[in-house]
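The structure appears right after this line, and notes come after that.
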2 protein chains.
Amino acid sequence: MAESEEGQDTTRPERISEAEHAVMEALWEHSPLTAADVAGKVGGSRDWSLATVKTLLSRLVAKQAVATEPDGRRFLYRPLLERADYVGGESRRLVDRLFGGRAAPLLAHLAEAEALSDDDIAEIEALLRELKQ
Amino acid sequence: MAESEEGQDTTRPERISEAEHAVMEALWEHSPLTAADVAGKVGGSRDWSLATVKTLLSRLVAKQAVATEPDGRRFLYRPLLERADYVGGESRRLVDRLFGGRAAPLLAHLAEAEALSDDDIAEIEALLRELKQ
DNA sequence: AGCTTCAGATTACATCTGTAGTCGTATGCG
DNA sequence: CGCATACGACTACAGATGTAATCTGAAGCT
C-alpha cells in the first residue's frame, strides 16, 4: 500500500472524526489506557457501549493516530498523534475554509458573537505583547 | 412535519457538509444564481460535474439553507442561511470542541503555528482596542 | 406537430461515521 | 482440566457525504 516508490511514509494523516476525537481526548488526558479505561473516561459525556469505544479505537489504530502495546492478554492504547498537531490542523482547516486563512477575521467573529470574555481579551493582549518581542 | 405542536419552527439548522459549503460560498458571493451559474463559480476550485452541483443544491434546499424561486423553466437559488450565522456556528463548534469554548487558546495556537502575520497581529490589536471601548 | 434540449427529480453507489453485536480464543478460576 | 470470561477481531447496518448518471417533462426551434 505504499503510494508509489520507496522513501519514507508520505501518507497524509487521515482525518479523525468527531467521535474518534472524543476518544483521543481521553488518551491525551492520560495514557496508556486499556479500552475499558477509555470507555470509562468518555462514558460520562457520550453514552457509548464498550463495543463502540473498541471500534473507535480500532479505527484510530488503522488511521495511525493511536498505537497499541500488548499488556498480557489485552492492549494498552496511547496516542501517536499529538494533541497540538491535531488541534493545529483543525484550526488551520477552519481558518482556511472560512476566513481565507486569516486569523483576524476569526477573532472578529468570535468578538462579535460575544464569545470573548474580558479574561479572553486580557489573555490575548498578553499573547500579542509576547509575540511582538 | 411539524415536530410536536403549533408554534414556530424549532428545527435546528441541519449541518452543512464541506461540499455543500462550497456551494453556499458561491451563493453568498452573489445571488440569486441558477444551478449552472453555481457550477460555473465553483468549477474552478472543485472539479464537479453539473449533476453534482445540482445534487448539492437539492440537499441544501432540503436542509432549508437555500431557497428557490422559479424563473421560467428553471430555478434561481439564493441562500437562506446567512454566512455570518454559518461561520459563527462553525467557529463556535471548533472553539467549544477543541479549546473548551475559550478563544484565547485558539489564538495562541495559531500564533504558535506561525499562522499569524504581522498584519494579522496589527488587525487584532485594533480589534481589541475597539472592544475595550 | 415533432424533435431536441435543458432543468429539476430520482436513482445510484462507494465511503465514512456512529453505534453496536457476534466470534474465536487465550486465560484465569475452581 | 474444563469452563466461564474478558479481549480483540470481524461483521452489521443505517444515515451522511461525495460524486454522478438517468428519467421525465416542459420549452423552444423548425
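Predicted model only: the values in this text are computed from it and were never measured. Chain letters run A, B, ... following the sequence lines, proteins first, then strands; residues in each count from 1.
For A/L50 and D/dG8, the CG to P distance is 8 Å, given to the nearest whole Å. Distance, B/K54 NZ to D/dG18 C1': 18 Å, rounded to whole Å. Between the CZ atom of A/R74 and the P atom of C/dG28 there is a distance of 11 Å, given to the nearest Å. Spacing between atom CG of A/L57 and atom P of D/dA9 amounts to 10 Å, rounded to whole angstrom units. Regarding B/D71, its CG atom lies at a distance of 18 Å from the P atom of D/dA26, rounded to whole Å. The interatomic distance linking B/E14 (CD) with D/dG15 (C1') rounds to 11 Å, in whole Å. Between A/L56 atom CG and C/dT17 atom P there is a gap of 11 Å when expressed in whole angstrom units. Look at CG on A/L60: it is 14 Å from C1' on C/dC16, rounded to the nearest Å.
Not a single donor-acceptor contact under 3.5 angstrom links the side-chain atoms of A/R46 to the base of C/dG18. Residue-to-nucleotide contacts include no donor-acceptor pair under 3.5 Å from the side chain of A/R73 to the base of D/dC7. Remark: the B/R59 side chain and the D/dT19 base include a donor-acceptor N/O pair separated by less than 3.5 Å.
Not one side-chain nitrogen or oxygen of A/T55 sits closer than 4.0 Å to the OP1 or OP2 atom of C/dT19. Listed pair A/K63 / C/dT17 meets the phosphate criterion, a side-chain N or O lying under 4.0 Å from OP1 or OP2. Listed pair A/T52 / C/dG18 fails the phosphate criterion, with no side-chain N or O lying under 4.0 Å from OP1 or OP2.
Enclosure of atom CD in A/E130 is not indicated, since only 12 or fewer non-hydrogen atoms of other residues, nucleotides or ligands lie within 6.0 angstrom.
In this structure, the nucleotide among D/dG18, C/dT19, D/dG8 sitting nearest to the side chain of A/Y77 is D/dG8. With D/dA9, D/dA21, C/dA20 as the candidates, the nucleotide lying closest to the side chain of A/F75 is D/dA9. Which of C/dG8, D/dT17, C/dG18 sits closest to the side chain of A/S17 comes down to C/dG18.
Between the A/W28 side chain and the A/L81 main chain, a donor and an acceptor come within less than 3.5 Å of each other.
Contact annotation for B/D47: backbone-only contact, meaning every heavy-atom pair under 4.0 Å involves sugar-phosphate atoms and none involves a base. When heavy atoms are screened at a 4.0 angstrom cut-off, B/A35 is found touching the sugar-phosphate backbone but no base atom. Looking at heavy-atom distances under 4.0 Å, A/A51 makes contact with a base.
Nearest-nucleotide positions on DNA chain C place A/R15 closer to the 5' end than the other of A/R15 and A/G72.
Using a 4.0 Å cut-off between charged side-chain N and carboxylate O, B/E25 and B/R46 make no salt bridge.
Each of A/L27 and A/L76 belongs to its own hydrophobic cluster when Ile, Leu, Val, Met, Phe, Trp and Tyr are linked at side-chain heavy-atom distances under 4.5 angstrom.
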Checking side-chain contact (heavy atoms from CB on, under 4.5 Å) for the pair A/L110/A/D120: CA distance, chi angles, key distance, verdict? CA-CA 11 Å; A/L110 292 171; A/D120 280 330; over 6 Å; no
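Remark: the B/T55 side chain and the B/T52 side chain contain no N/O donor-acceptor pair separated by less than 3.5 Å.
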